[in-house]
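Comments concern the structure below.
Just so we're on the same page: letters track the sequence lines, and every chain starts at 1.
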Amino acid sequence: MATFEPVLTRNWNVPDARSLKVYESRGGYQAARKALTTMDPDAVVNLVKDSELRGRGGAGFPCGLKWTFLPKDRKETLMCVNGDESEPATFNNRYLLERDPHMFLEGILISCFATRASTSYVYLRFEYIEATRIIEEAIAEARAAGHLGKNIYGTGFNLDVWVHRGAGAYICGEETGLIESLEGKRGWPRIKPPFPAIEGAFRKPTVVNNIETLCCVPHIVERGAAWFKSIGTPKSYGPKLYTVSGHVEKQVCVELPLGVTCRELIDDHAGGVWKGRKAKAAVPGGISMGLLSADELDTPLDFESLRKPGCLGLGTAAVTVIDDHTPIIDYLVNTSRFFAHESCGQCTPCREGTGWMSKTIHRIKNGGGRIEDLDVMLHLAENLGIIPGTTICGLADGAAWPIKNALAKFRPELEEYIRTHQTPGAGPTPLQLDVAAGRRVDLFQVGNAIAAPPPAAALHSPGRPDA
Amino acid sequence: MATILINGTEYPIPEGEKLNAIQMAKRVGVEIPYYCWHPSLSVVANCRMCEVEVGSKDPKTGEVKMMPKLVPGCQTPAKDGTVLVTDSAKVQEHQRMIMELLLLNHPLDCPVCDQAGECGLQDYSYEHGQSNHRFVEERIVNPRKDVSDLIQLNQDRCIMCTRCVRFTREITQTAELQVMRRGNHAEIATFPGVSLDDNPLAGNVVDLCPVGALLDKDFLHKQRVWFLAKHDSVCTHCSTGCNISVEENKGKIWRVKPRNNPHVNDYWICDEGRYGYKDDSAPDDLLEAMYVLKGDDHVAVAIDEAVRLVDRGLKQAVIGGRTVAGVLSPFLTVEEAYLMATYLKGMTSDAVLAVGPVPARGEDRTFSPDKSAGRSGDTSFLAPRPFTIHAEKAPNARGVRAVIEHVQGAVVEYDELLRKVEAGEVGALYVASGSPTDWIDEPTAAKVREKVAFLVVQDSRVGALAHKADVVLAGGTYAEKAGSYVNADGRIQYAGASLPPRDGSLPDLDLFAVLLDRPGGPARSSDVLAELAEAAPAFAAAKGGTLPLYGATLEASASSPRENGPPPFVDAWYAAMGAAKAR
């Protein structure tokens, strides 16, 4: 720990670090110069592959391996940078963009050189207005200084970087959804195969990488793969930006080697749980990754260890702490509402399933819950997502995991909540229950469902009152 | 040989075709349910109904390795060594889940829904669904709206398969329909001020819809589909020759739907053909009897008397040394044209056979789907087939010309015949029309009447010339006659009769057969076609008189078996299913 030297955040506290002059004075663009002038593109790819840099965006796919999927005989390659950082409580990319835009541009430059891409699109989240302005200024500065544009460093390598702002949809952070949105279409993820590396944006081979992944690349080029692998745990290497938010004293974004435990993050870096309370649970990496209970807070936050407590993975390494005064149903209300709202509506299981779960959880919250609702939701959650193969993208997994984890770890609390929070009129009506169960319904018996029919009479009988 | 393992049985994969798992399984009789996939649209795999277990078989060891997750059949290519399992408990549980989810917000208003009886949700719910469901929340209610003057969208019933959206994007490339909003609030909509009104293929989105979301207002609440009898026919509104299914109940046509023919119209028909049936069955201007001119007025006579008068009139003209001429309209079938030509030529070899005027309107419009641009999903399974609406608004100009060429050697054009009539060279004229619109105007009709001593008009409706004719024969509309048509690409296709002949009329083929005194009772179009194929080399493709399901090209060079062969798959929502077909 003592020997760890932060690299991603090293310019953050330097005054005026986002200007090109300061960045260059601190050794900026040296790695890019080294890569472009002394290395072969394939050598850069191999270097990144050797470093076993895994994508920082959420899925943790090895970055170098992704680059090797590009077809060998391609004519044109596109680089899309995923800056649609829309996972709730995640803000590490925003810090990178706003505090050190040139490190990010250097990462793009090296990665585009390695993948032979001459066009790069930076897809930024709609809400990042300030970051967009900063990155556009940085691009103009770098272009003027010859770090971007035509014939960079006299190597004949050309690169254009364009900034594209999204329109506020969570799903556009999924790589193929991002590509569709970039093309001007509705952000609906595509089916794979073909993978973006074969046929991506505008039907050309495309690499999609996260901002933080690309920010690691200059440091790997500068210091080598061995340095990178010396940081972190045996299977997850490198520095990582962790963000901590929620019920902590101090919401922070810190750079630490991969494998730091959740408790360490909360206690050492975020000043502990707020108001002197205890943590009840913590979300390890963005809400789609599930939930750690209080006893599991010693789990190292890396790509491998989070599987053991049943979480989906590291995700964006955005830790959200939930204190012991918060009912777990409130957590579920928030997550389910988010995913029902952000489901793109393409695949049936996700479109209908997230809405169903959200409605059920809201009903439980409002006091109309039934114990069997938990089982129905669990059964549904187990069949949603790309892991059972029922959807195109991973959004439904993200929607299912909080429910699965919460039911596995906090079921007694949820059952207790349902039992003690029964509000008349909030639950399903007897008629709804009968219809749902497929029982034969006598509509005249169920409340005042419909008015009783008039007494039977022949259509034109003379004695009929209304004839 | 490439083989595929489906549910434990090994099947050979047909060569030279790129099939997906649904198509391949259907070939060998295994049904994989699907909604969003359509053989002519790109693959988006979003309904998730067709998910199956997929694996691969090691060619050396024969070991089967299954993928841990389910995979949509529509995006799985049928390759050598692919293993499909479509009936395992896992797949069945998945299908049950999808049916449950699709019906969460579906109103289940089948009793008032026009789609009932040919609905994908009904069929698959019965097969794969469950009778109860666990959803006890409020349903999403979404009011119905209009996407064009003729098409209604019941958003409640929509299952978001996006077939209609992909159709307007990929086939007509007009992109009127969009998906708006997200999640379970997602809906199909048009932008303000945009509608499908100007889309000439708009009606196809109704056929594409596997549920009752998009409905045709022309047909809305008029008939239950299980009362309709479906008859295979060919559209006569232009020279494309789209394959259609004419659906009638008790002698009244209620709607026209496209039939799949990969060589002609794929799955589509234009709105002109779709709604054109109304013109053809409008009862007020159809001829209801045979008429003979007596004094100044037409008198209805019995069929046999009218036919006898025609025969006598024409023969008298021949004996009197006057020229007999016939006008064969491009709305006649090949068989009718052949019998009429034989009849007139058999009377005198000097008879002049002219082809009737071929109506033309506008320009040819071709919709050619581009595989690379505008498609929203995976296009690797697609064979793009262009669809053309021809400006030539007659079904059989080529066929009639070919018949005249065979019988007479050369075709006399209509204008040439009119000149001959004006010069007084024609003593007796036999006009066989069958056109759904008037193609002879009042002044021309008066001129013809003035110059021609004996005028016979055979038509299905009252026209300008019929008012002046000596004898009016009531023939059949396109729906009342069976026969074959040759389309713009030279493909001869058989159209069956959808309705019985109406009272007082006879189908044209029977009229000619009576005139010819053909032995053997009512004429069968297949017998006539067989005779023609025997006699005329141009029609050799129709040998035997029975045409294949997808027609046959007349040119010998193009008649390779693939050209006339069946498609790898026909989307089930079009195939005439169940009891309706059997009637």
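Taking 4.5 Å as the limit, every side-chain heavy atom of A:I191 sits out of range of all side-chain heavy atoms of B:V44. Residues A:K359 and B:F135 form a side-chain contact, since some pair of their non-hydrogen atoms from C-beta on lies under 4.5 Å apart. Inter-residue side-chain proximity for B:E51 and A:T390 is flagged as met; some heavy-atom pair is nearer than 4.5 Å. At least one side-chain heavy atom of A:P349 sits under 4.5 Å from a side-chain heavy atom of B:I98. Residues A:R351 and B:L102 are in side-chain contact: their nearest non-hydrogen atoms beyond the backbone lie under 4.5 Å apart. By the 4.5 Å heavy-atom criterion applied to side chains, A:N383 and B:E93 are counted as neighbours.
Options A:E183, A:R363, A:R370 differ in how many heavy-atom pairs under 4.5 Å they form with chain B, and the most are formed by A:R363.
Interface residue A:H379: only side-chain heavy atoms are found under 4.5 Å from chain B. Looking at B:M99, there are no atoms closer than 4.5 Å to chain A (heavy atoms on both sides), in backbone or side chain.
In terms of heavy-atom proximity, A:W356 sits nearest to B:E100 at CH2-OE2, 3.4 Å. Residue A:G168 comes nearest to B:R182 through the heavy atom pair O-NH1, 4.2 Å, listed as atom of the first residue, atom of the second, then distance. Nearest heavy-atom pair across B:N184 and A:E352 is CB-OE1, 4.1 Å. Considering all non-hydrogen atoms of both residues, A:I392 and B:R48 come closest at CG1-NH1, 3.2 Å. Heavy-atom minimum distance, B:M160 versus A:G345: CB-O, 4.4 Å.
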> Could you walk me through whether B:V179 and A:Q346 pass the side chain to side chain contact (heavy atoms under 4.5 Å, CB included) check?
Replying inline: CA-CA 10 Å; B:V179 181; A:Q346 188 174 201; over 6 Å; no
>> side chain to side chain contact (heavy atoms under 4.5 Å, CB included), that's the test. Do A:L433 and B:V136 meet it? Break it down for me.
In response: CA-CA 6 Å; A:L433 291 173; B:V136 291; 3.9 Å; yes
> What's the verdict on side chain to side chain contact (heavy atoms under 4.5 Å, CB included) for A:T391 and B:N46, showing C-alpha distance, side-chain angles and the deciding distance?
Replying inline: CA-CA 8 Å; A:T391 56; B:N46 64 17; over 6 Å; no
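Looking only at atom types and distance, the side chain of A:T360 has a donor-acceptor partner in the side chain of B:E137 under 3.5 Å away.
Atom CD of A:E415 has more than 12 heavy atoms from other residues, nucleotides or ligands within 6.0 Å.
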